[in-house]
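Indexing begins at 1, ligand by ligand and atom by atom, following the structure's order. Position 1 is the first residue of the sequence, and the numbers go up from there. Just so it is clear, the values below take in all heavy atoms, side chains as well, and ignore hydrogens, waters and symmetry mates. Quick caveat, the model's predicted, so the values are computed rather than measured.
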Amino acid sequence: MKKRDFISIADHSSADIARILDLAGKLKKKPASYATLLKGESVALIFQKPSNRTRVSFEAGIFQLGGKSIYLAPDDISLGKREPTADIAQTLSRYVKGIVARVFAHQDLLDLAKYATIPVVNALSDHSHPCQALADVMTVHEKFGTLKGIKLAYIGDGNNMTNSLMLAAAKMGMHMTVATPKGYEPDAGCVRQAADCAQATGATISLMRDPVKAVDGADVVYTDTWVSMGQEKETARRLKDFKGYQIDAKLFARAGKDRIFMHCLPAHRGQEVAADVIDGPRSVVFDEAENRLHVQKAIMVFLYSE
Ligand code: CP
Ligand code: NVA
């Protein structure tokens with residue numbers, strides 16, 4: 001069987017995404033399932049950027065599946081600096097059963113996947129964050145009992161998170177509105193992929209400027225940092241450009257009566273979200289964080305056992 005990767009949600013069918021989500025729900029109920037899936041095996045974690053949720057949930061998940069994780073910090077492996085990415089991929093393929101990589105340039109992930117003979121998982125790149133988006137739609141499903149027809153409003157920077165959320169929404173028949181300032185729209189390629197996929201699932205993806213219009217009647221209000229990892233030099237300009245895009249109590253109240261607030265974390269209270277919203281009763285940010293563990297275990301089962 002050809003090896004599978006998990007690089008972009010666009011690479012997988014709606015049926016496969018639904019299967020992963022279903023499996024994640026089962027693993028949440030019975031965390032000891034598949035406890036020998038990775039017995040005697042190791043998985044390499046290549047991280048070019050810091051991480052709390054992704055690193056810890058992958059390490060814990062690999063352990064729960066019977067395997068061992070090998071964490072490789074930026075200076076250990078020096079992706080793209082010490083030797084060609086193709087050589088890293090081919091070498092690691094001789095030692096471990098999989099690669100989980102958090103990179104700056106998405107192309108590095110594509111190169112790892114191309115040259116590795118083992119599965120490669122996207123643990124965040126400048127282009128996308130598919131593991132987070134799946135944990136997010138799992139959380140939405142838990143709260144509303146369905147994904148089809150759910151309205152998700154994303155406000156702020158059209159970044160890696162937006163790209164993956166649009167693809168997940170499109171695959172699962174959701175309605176997503178994205179409000180960004182000019183110049184901060186999500187990736188045009190992902191918008192096209194999401195639009196193509198939406199035709200088959202009944203989803204809609206709408207880009208706009210006005211956060212009030214985007215949030216109006218939404219079931220889910222989602223935001224992410226205005227300054228992603230690697231953009232620190234642009235902080236001053238970004239804080240200025242995103243003025244008016246904060247999810248505060250007034251904007252959040254425009255959403256539907258059963259509204260929930262979502263954020264992938266880390267969050268910046270007083271910037272993209274007001275403290276009383278993220279720390280308020282409708283915030284589900286730690287459920288999202290928890291679901292990273294279950295969804296990533298399900299992704300590994302999907303990659304290794306089928
Ligand atoms: N949401 C998320 O990926 O968090 P970390 O950067 O802490 O892994
Ligand atoms: N957009 C953020 C997500 C962090 C999980 C970043 O890339 O820094």
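Short contacts between ligand 1 and Arg292, defined as distances under 4.0 Å to a heavy atom of the residue, involve ligand atoms 1 (N), 2 (C), 3 (O). Taking a cut-off of under 4.0 Å to the non-hydrogen atoms of Arg102, the atoms of ligand 1 that pass are 3 (O), 5 (P), 6 (O), 8 (O). Near His129, the atoms of ligand 1 lying under 4.0 angstrom from a non-hydrogen atom of the residue are 2 (C), 3 (O).
The number of heavy-atom neighbours closer than 6.0 Å to CZ of Arg237, taken from other residues, nucleotides and ligands shown, is above 12. The 12-atom threshold is not exceeded at NZ of Lys213, counting heavy atoms of other residues, nucleotides or ligands nearer than 6.0 Å. For Tyr184, the OH atom is densely surrounded, since the number of other residues' heavy atoms within 6.0 Å is greater than 12.
Taking only nitrogen or oxygen atoms, main chain and side chain alike, Pro50 does not reach within less than 3.5 Å of ligand 1. Ligand 1 has no nitrogen or oxygen under 3.5 angstrom from a nitrogen or oxygen of Pro266.
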What pairs of donor and acceptor atoms, side-chain ones from residues 192-201 against any protein atom, are under 3.5 angstrom apart with sequence neighbours left out?
{"residue": "Thr201", "atom": "OG1", "partner": "Ala170", "partner atom": "O", "Å": "2.6"}
{"residue": "Thr201", "atom": "OG1", "partner": "Ala203", "partner atom": "N", "Å": "3.3"}

Distance-only check: which donor-acceptor pairs under 3.5 Å involve side-chain atoms of residues 251-262, not counting sequence neighbours?
{"residue": "Arg259", "atom": "NE", "partner": "Phe252", "partner atom": "O", "Å": "3.3"}
{"residue": "Arg259", "atom": "NH1", "partner": "Gly256", "partner atom": "O", "Å": "3.0"}

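The hydrophobic cluster containing Tyr95 also contains Val120, counting ILVMFWY residues as joined when their side-chain heavy atoms lie under 4.5 angstrom apart, directly or transitively.
Atom 4 (O) of ligand 1 has Arg53 NE, 2.8 Å as its closest protein atom, hydrogens excluded (heavy atom only). From the protein, the heavy atom lying nearest to atom 7 (O) of ligand 1 is Asn52 N, 2.7 Å.
Cation-pi contact between Arg55 and Phe47: absent, since separation from the ring centre below 6.0 Å together with deviation from the ring axis within 45° is not met.
Residues forming a side-chain hydrogen bond (donor to acceptor under 3.5 Å, both in side chains) with Asn159 (at least two apart in sequence, or on another chain): Tyr154, Thr162, Asp224.
Closest non-hydrogen pair, Arg238 versus Trp226, comes out as NH1-O, 2.8 Å.
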With the criterion set at N/O pairs under 3.5 Å, what does the list of contacts between the protein and ligand 2 look like, atom names and distances included?
{"residue": "ligand 2", "atom": "1 (N)", "partner": "Asn159", "partner atom": "ND2", "Å": "3.3"}
{"residue": "ligand 2", "atom": "1 (N)", "partner": "Asn160", "partner atom": "OD1", "Å": "2.9"}
{"residue": "ligand 2", "atom": "1 (N)", "partner": "Asp224", "partner atom": "OD2", "Å": "2.7"}
{"residue": "ligand 2", "atom": "1 (N)", "partner": "Ser228", "partner atom": "OG", "Å": "2.7"}
{"residue": "ligand 2", "atom": "7 (O)", "partner": "Asn160", "partner atom": "ND2", "Å": "2.8"}
{"residue": "ligand 2", "atom": "7 (O)", "partner": "Ser228", "partner atom": "OG", "Å": "3.4"}
{"residue": "ligand 2", "atom": "8 (O)", "partner": "Met229", "partner atom": "N", "Å": "2.8"}

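Contact of the Tyr245 side chain with the Thr223 side chain is not registered, since no non-hydrogen atoms from C-beta on lie closer than 4.5 Å.
Within the 4.0 Å heavy-atom shell around ligand 1 one finds Leu265.
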